[in-house]
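Whatever order the structure lists them in is the order used to number ligands and atoms, beginning at 1.
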Amino acid sequence: MSPIFRAERIAEIDSTNEALKHRAIAGAEEGLVLRADVQTAGRGRRGRHWVSEAGNLYMSVLLRPAKPPAMAATLGFVVAIALGRLLRALVTVPVQHKWPNDVLVDGRKISGILLESGGIVGGKVDWLVLGIGVNLHHHPEGGLYPTTDLVAAGGPSLTPDQAMDLLLGEFGPLYEVWLRSGFGALRADWLAHCSGLGENVVARLEREEIVGRFEDIDPDGTLVLALADGSRRCLAAGDIFMPARS
Ligand code: BTN
């Protein structure tokens, strides 16, 4: 584990993100990590529930990078790169990034990343909580995407603590690069392992669905789609689906 991280382990909690958010507001230092065996109200992106039964990794990391919110949001890509590197060392099947912050193993979602930030002072976030869930031993079925877990994908049987330490070990040096040089310095790494680049994708937003060719991501993590009418559309958030693979 990188020296800036100090982990607290909890048997059961509603949500490690929720608990860490309160600790952040109460003044906890950067680097505090909460890991729970079970979450009773695990949160996913866009208000979804994150199934959190014992065996998998559920953790949240408190950071205070003092950057504007849009830049702080790119940390989700940095966690995905760290997790991608870790998983590539553990399995022989393909490991890819999927916009915005998912990691796919053999085309199936193995993890989720939920960023929450707040306390904006002088245009910079006071705290940022990186919530990370990784399916180690089991995975829920019937969600938006096909899913898998590390053991099902042919990887080793890790405890949540082992997975947390390995992941923080990958993330620590990347966080330092990001602090010094921003996501621009890591974007090529994310794109090198990206799923769906150059393909037609369907982006589902709150109120619309857009079909376009996945052209690029900007240095701020925005997805750039080329539409059939020749225009471009940039998306800051949403869910994307690859029709060619479903
Ligand atoms: C997603 O929807 O893909 C993001 C899921 C994030 C789940 C993790 S588990 C640890 C942390 N605590 C939460 O309540 N959510 C995140």
| field | Option of least heavy-atom distance to atom 11 (C) of ligand 1 (set: D102, I13, T16, V61) | value | T16
| message | Side chain, backbone, both or neither: which applies to N101 and ligand 1 if a contact is any heavy-atom pair less than 4.0 Å apart? | response | neither
| Short side-chain donor-acceptor distance under 3.5 Å, T40 and E12 | no
| Considering only heavy atoms of G42, which atoms of ligand 1 have at least one such atom less than 4.0 Å away? | 14 (O)
| task | Would you verify whether the NZ or CZ of R204 falls within 45 degrees of the ring axis of F241 while also being under 6.0 Å from that six-membered ring's centre? | result | yes
| query | Does a donor on one side chain and an acceptor on the other come within less than 3.5 Å for D229 and S231? | reply | yes
| R48 near ligand 1 by a heavy-atom separation under 4.0 Å | no
| message | Would S111 count as a polar contact of ligand 1, with the cut-off being nitrogen or oxygen pairs under 3.5 Å? | response | no
| query | Among L90, D106, V103, L104, which one satisfies side-chain contact (heavy atoms from CB on, under 4.5 Å) with V95? | reply | V103
| request: From the options I113, L57, T40, L115, select the one whose nearest heavy atom is closest to atom 4 (C) of ligand 1. | output: I113
| request: Find all atoms of ligand 1 within a distance of less than 4.0 Å from any non-hydrogen atom belonging to G112, and give their numbers and elements. | output: 1 (C), 3 (O), 4 (C), 5 (C), 6 (C)
| task | Indicate whether any N or O donor in one side chain lies under 3.5 Å from an N or O acceptor in the other, for S60 and N17. | result | yes
| Donor-acceptor contact below 3.5 Å, side chain N101 vs main chain I113 | no
| field | H97 side chain to D102 side chain, donor-acceptor N/O pair below 3.5 angstrom | value | no
| query | Quick one: which of Q39, K109, R43, R45 has a heavy atom closest to atom 3 (O) of ligand 1? | reply | K109
| Numbering as shown, the atoms of ligand 1 that approach G133 to under 4.0 Å (heavy-atom distance) | 8 (C), 9 (S)
| Enumerated ligand 1 atoms positioned under 4.0 Å from heavy atoms of M59 | 10 (C), 11 (C)
| said: Pairs of nitrogen or oxygen atoms closer than 3.5 Å, one from Y58 and one from ligand 1: do any exist? | reply: no
